[in-house]
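To start, the structure itself, in structure tokens.
Start at 1 and go down the list; that is how both ligands and their atoms are numbered. Residue indices begin at 1 and follow the sequence shown. Atom set for the values below is all heavy atoms of this structure, side chains included, hydrogens, waters and symmetry mates excluded.
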Amino acid sequence: MAVNQKSLVESVPKGLFIGGEWRAASTGATLAVEDPSSGATLAHVADASVADGRAALDAAVAAQAGWASTPPRDRGEILRAAFERITERAEEFATLMTLEMGKTLAESRGEVTYGAEFFRWFSEEAVRIHGRWSTAPNGATRLLTMKKPVGPTLMITPWNFPLAMGTRKIGPAIAAGCTMVIKPASQTPLTMLALAELLRECGLPAGVLNVVTTTHTGDVMEPLIRDERLRKLTFTGSTGVGKRLVEQSAERLLRVSMELGGNAPFLVFEDADLDRAVEGAMLAKMRNIGEACTAANRFFVHESVADEFAERFAKRMGALTLGKGTKKGVDVGPLIDAKARDGVSELVEDARSQGGTLLTGGSQVKGRGYFFEPTVITDVPMSARVMREEIFGPVAPISVFRTEQEAIERANGTEYGLASYVFTSDLARVIRVSEALEFGMIGINQGVISNPAAPFGGVKASGFGREGGFEGIEEYLETTYVGIAP
Ligand code: NAP
């Protein structure tokens, strides 16, 4: 059933969520949330001050001991109830995300399914937090190993997946028994505010989750990172900001997880099934309008299939319809803001000036909103900026390779190491290439690899730590060993 957009936005709480209550910013300030398809203001939400940030951490600290001693089953049941309720209200969450972030409703529905699944997965993990009992090799001591929640956690999330980047952190933290302060991106706070209210309705005790929205981001976050009561920082966002936060957290040797930028290679070998490769390329490139850390950034195609692959891929990209994400028949929404759109334009211009050939797209769309045409460029030299920098838009640069070794070297020739994609029908090659690629995640003959049951994360400048899978909850647990003399 179609959702009434105006009443949906009105229904979202606009305050700070601290200690189980909604409140205005202490200064009374608000920040505007924009619809990127038109530039129109959707809503105003509270703009937290430094004091508000501290109040949120106070609430998380006060709730920590009680929450850690809440039975795991009870913690899991809250997550399970939240999973059910998000699923029931999927259309509302999808519409809200499309309004504040821009992607199509179909994409937002996909994110609701993906995001909610972290709650279901971690509701199951809450009751499977295990320790160990063993005898020391010399027989003199018994070794008891137990897991405890890390404690109050600060979570900072980006705008590109307003729901899932939050649930991927909140789910395991709730399951492990950690309390938290979460700061969603200031461009897309509505989804997180709606989620906080839903968790409250599902019985999450006051203070376990606190939400702070602010435009004074660094000023509000830094004192929390330096506060001795905080036990963990988990950040998803750009590598530049991530590095700064690691520096801030180093003073107290705070436990840190970093999910940072990517520069995913997409390798198509001569033995690939080209139908699957083109389909995979569409998904790996166009999911989230290219605004995904896992987005295929650099396409390396064997010389024997390069022309055919490029032609078929460009035909599919050129046939996509741009428009407001809530409209029927639209395939591609706007980029998040003018800066993002202009940045993508500059990368395309640079690639063309270095000899790249445009097969389709290449331009900004004039008029309201921040639209950029789906673009395919071939003959792109490795020196082009588009081959080194995260594009975060619907642009696919293609380069040709001759040998497997050359493909691997080019793929690894980046400071990043998050996602990568390989298309081949040769099993021995799958093993060789998977072992050689320096990436946290590798998709074989598939263009989407994110899965709540799998460990998501990167190496090198893409960060450290894993979200999802069995590994995800470990990020929120400490190990204590007790030596017992019998
Ligand atoms: P961003 O500019 O780094 O912002 C991410 C978050 O950090 C936002 O909440 C932002 O708040 C906050 N932030 C900015 N400056 C800060 C500071 N000085 N101190 C504390 N927090 C600060 O990144 P983005 O543009 O939103 O997101 C895109 C990036 O995220 C891309 O690089 C993408 O690859 C990466 N990403 C990575 C993953 C992954 O799992 N590896 C997943 C998704 C996205 P404001 O909104 O208030 O500025």
Sorted by first residue and then second, give each salt bridge (charged side-chain N to carboxylate O under 4.0 Å, His left out) pair with at least one member in residues 249-265; sequence neighbours left out.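 Salt bridge (charged side-chain N to carboxylate O under 4.0 Å, His left out) check on residues 249-265 returns R226-E251, R255-E478.
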Listed once per pair and sorted, the salt bridge (charged side-chain N to carboxylate O under 4.0 Å, His left out) pairs that draw on residues 440-459, sequence neighbours left out: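 Every pair satisfying salt bridge (charged side-chain N to carboxylate O under 4.0 Å, His left out) with a residue in residues 440-459: there are none.
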For A29, all residues meeting side-chain contact (heavy atoms from CB on, under 4.5 Å), sequence neighbours excluded: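 Residues passing side-chain contact (heavy atoms from CB on, under 4.5 Å) with A29: T27, D47.
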Nearest heavy-atom pair of Y370 and A338: which atoms, and what distance?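 Y370 and A338 have their closest heavy atoms at CD2-N, 3.5 Å.
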Do the side chain of R168 and the main chain of G472 share a donor and acceptor less than 3.5 angstrom apart?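 Not at all, since once roles are kept as given, no pair shorter than 3.5 Å links the two residues.
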Can you tell me which residues line ligand 1 if we count any heavy atom under 4.0 angstrom from one of its atoms, in chain and number order?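 Ligand 1 pocket, heavy atoms under 4.0 Å: I156, T157, P158, W159, N160, M165, R168, K183, P184, A185, S186, T214, T217, G218, M221, F235, T236, G237, S238, V241, R244, L245, E259, L260, G261, G262, C293, E390, F392, L418, F456.
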Should L199 and F119 count as side-chain neighbours, where that means a heavy-atom distance under 4.5 Å?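 The answer is yes, as the side chains (C-beta and beyond) meet within the 4.5 Å cut-off.
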